[in-house]
Amino acid sequence: MIDIQQIRDHSDEVIKRLRVRNMDAAELVNSLKILDETKRQLQKKLDDTLAEANALAKQIGVLFKAGKGADAESLKEKSAMLKKLAKELQEQLDDTNKNFQEFIVRLPNLPHPSVPAGKSDADNEVVQEAGKVKKADEGALSHWDLAKKYDIIDFERGTKITGAGFPVYKGLGARIQRALITFFLDEALIAGYTEYQPPLLVNEDSAFGTGQLPDKDGQMYHVPSDNLYLIPTSEVPITNLFRDTILQEDELPVKCTAYSVCFRREAGSYGKDVRGLNRLHQFDKVEIVQVTKPELSYKALDEMVAHVSVLLKKLELPYRITRLCGGDLGFAAALTYDMEVWSAAQGRWLEVSSISNFEAYQSNRLRLRYKTSEGKNRLAHTLNGSALALPRILAALLENNQCEEGIYIPKALQAYTGFRYIQ
RNA sequence: GGAGAGGUGGCCGAGUGGUCGAAGGCGCACGCCUGGAAAGCGUGUAUCCGUCACAAGCGGAUCAAGGGUUCGAAUCCCUUUCUCUCCGCCA
């Protein structure tokens, strides 16, 4: 969440920057200012009352010790009054805090100055395009047709045993999945990331910590009997490793990578966008996460974009990088680059990675800080990105690499698959 | 799932109603000492909120979490939660 200090000091600036998200935050910001003021006044009154009560209790203690219990009686009465007052003030303060909290979590992160205005993904700014975008040959097959042709993904039986959006990978399909995971993890290790294997279920605190709750409640699978959520990305458990943590300055940057299965309900999705591997309820992803000093977070963002670019180059896939516009920017992100690969048979770009700098927005919620060399605690910056999400990579590999021999496996991946073609 | 024990500061560990944010130790930081180091000695060493200059100082809160008893609770009571031990079950 946004630091209240920013609203206290620069509320106009906050409102102005949120306009890039097509949000009119004036009313919300104003309410927050009032609530913040009320909160502080109540806090002051409460503290003063408690201070008086504390002093009184000490006095009574001294009297009792001196054997003057009788003199303490009148003080006890006064103390009872103060206590009653304190309780009332506490209740008011709790209410105000609750309101304040409800309001402040509704404010998304402030977009970075470079974020273009815009309403939808159509307004995203293409910052780079690399690799040759192939025109699909006559008779080129979509990946779902290719998957069937080579018998590597069984969508129908996935639907039978679970439901739509839960494909079954088979034979070379399963093996290429495994190869991709290992390839991505190895590349992350070389880039200095530490590998983790997190739980796939998280509790409410964690879901709140990274902003899935309360914002994207319906997007996660929920296990009511234990009140746990299936992770939509390993960003959730990994970033939450650092919840309520004060790191030492020399521990930064923290770089983590994790492979995990991800689960998304994708309620409301339909149409051709969800065909085949385009949008699934369960999929595999390797994630990279960084925790950095504030002044270095944009350098880290560039580094992460470069890392993913290398992966795509090694996979010989045509890709482009877009900078998300205000309307498409995620709630907690200040700046996001999407990485998209070209899907030859579908003739469109598929998002395979989303790399974001959350600045201090997540850490504020997570209470993730670091101690500076001066001994002061500051909020760290958090970043994450997919490196990479598997299904659309596989879709692109199938569609772009179909040839007479079958499906060509890029050289870098052959070391992992052990085969050169899917035939 | 059943029975029992327990959750105190970065760690270990005292503390069963009063001046305890908390003894002692370890660790860490700084200083003295030293040619340098070790040892030794000394000092310091949590977090959040408010006031304020995001200083000092002052005030408040925090001994798993929440509630209660009391003038006063780390200490007593209740609830929740987590950990450990034994038993059961089990990849």
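Here is the naming used below: chain letters follow the sequence lines, and residue numbers restart at 1 for every chain. Remember, it's a predicted structure, so these values are computed and weren't measured experimentally. Because only heavy atoms are used, hydrogens play no part in the values below, and waters and symmetry mates are left out as well, while side chains stay in.
Ring planes of A/Tyr193 and A/His307: tilted class, angle from 30 to 60°. Ring pair A/His281/A/Tyr221 is perpendicular by interplanar angle, where above 60° counts as perpendicular and below 30° as parallel.
Residues from residues 79-96 of chain A lying near RNA chain B, meaning a heavy-atom separation below 4.0 Å, are A/Ser79, A/Lys83, A/Lys87 in numerical order. Near RNA chain B, meaning a heavy atom under 4.0 Å away, the residues from residues 44-51 of chain A are A/Lys44, A/Asp47, A/Leu50, A/Ala51.
Listed by chain and number, the residues in a side-chain hydrogen bond (donor to acceptor under 3.5 Å, both in side chains) with A/Lys371 are A/Asn377 (sequence neighbours excluded). Legend: residues meeting side-chain hydrogen bond (donor to acceptor under 3.5 Å, both in side chains) with A/Lys170, ordered by chain and number and at least two apart, are A/Asp151. Every side-chain hydrogen bond (donor to acceptor under 3.5 Å, both in side chains) that A/Asp338 has, sequence neighbours left out, goes to A/Ser354.
To the nearest whole angstrom, the two P atoms, one in B/G21 and one in B/C58, are 15 Å apart. Annotation: B/C11 and B/A46 have their P atoms spaced 13 Å apart (nearest Å). B/G50 and B/A5 have their P atoms separated by 43 Å, with the value rounded to a whole Å. Look at the C1' atom in both B/C12 and B/C48: the space between them is 26 Å, to the nearest Å. Here the separation of B/C52 from B/U45, taken at their P atoms, is 26 Å to the nearest Å. The C1' atoms of B/U75 and B/U8 are separated by 11 Å, rounded to the nearest whole Å. Taking the C1' atom of each, B/G9 and B/G24 are spaced 13 Å apart, rounded to whole Å. Spacing of P atoms, B/U62 relative to B/G72, comes out at 13 Å, to the nearest Å.
Between atom CD of residue A/Gln101 and atom CG of residue A/Leu32 there is a gap of 10.0 Å, rounded to the nearest 0.5 Å. Between the CG atom in A/Asn400 and the CD atom in A/Glu316 there is a gap of 11.0 Å [rounded to 0.5 Å]. How far CG of A/Leu146 is from CD1 of A/Ile407: 4.5 Å, rounded to the nearest 0.5 Å.
When the options A/Val286, A/Thr257, A/Val308 are evaluated for a side chain to side chain contact (heavy atoms under 4.5 Å, CB included) with A/Phe184, the one that passes is A/Val286. A/Glu249 pairs with exactly one of A/Lys293, A/Arg378, A/Arg369 by the salt bridge (charged side-chain N to carboxylate O under 4.0 Å, His left out) rule, that one being A/Lys293.
The pair A/Glu88-A/Lys45 fails the salt-bridge criterion, with no side-chain N (NZ, NE, NH1 or NH2) lying under 4.0 Å from an Asp/Glu carboxylate O. Looking at A/Lys98 and A/Asp94, no side-chain N of the basic residue comes within less than 4.0 Å of a carboxylate O on the acidic one, giving no salt bridge. Looking at A/Glu374 and A/Lys376, no side-chain N of the basic residue comes within less than 4.0 Å of a carboxylate O on the acidic one, giving no salt bridge.
Nucleic acid contact class of A/Lys39 (heavy atoms, under 4.0 Å, all strands): none. Contact annotation for A/Arg378: no contact, since no heavy-atom pair falls under 4.0 Å across all strands.
Base pairing of B/C30 is made with B/G42, judged by Watson-Crick or G-U wobble geometry with both donor-acceptor distances under 3.5 Å. Across all strands shown, B/C11 pairs with B/G25; the Watson-Crick or G-U wobble distances both stay below 3.5 Å. In this entry B/C48 has B/G60 as its Watson-Crick or G-U wobble partner, both defining distances falling under 3.5 Å. Judged by Watson-Crick or G-U wobble contacts below 3.5 Å, the nucleotide B/U19 has no partner. The nucleotide B/A37 finds no pairing partner, because no Watson-Crick or G-U wobble arrangement with both distances shorter than 3.5 Å includes it. In this structure, B/C76 forms a base pair with B/G68, meeting either the Watson-Crick or the G-U wobble geometry with both donor-acceptor distances under 3.5 Å. As the counterpart of B/C86, B/G2 is assigned, both hydrogen-bonding distances of the Watson-Crick or G-U wobble pattern falling under 3.5 Å.
Mapped onto RNA chain B by nearest heavy atom, A/Ile246 and A/Asp36 fall at different nucleotides, with A/Ile246 at the one closer to the 5' end. The residue among A/Ala53 and A/Arg40 whose nearest nucleotide of RNA chain B lies closer to the 5′ end is A/Arg40.
Running 5' to 3' along RNA chain B, contacts with non-hydrogen atoms of chain A at under 4.0 Å begin and end at B/G18 to B/G72.
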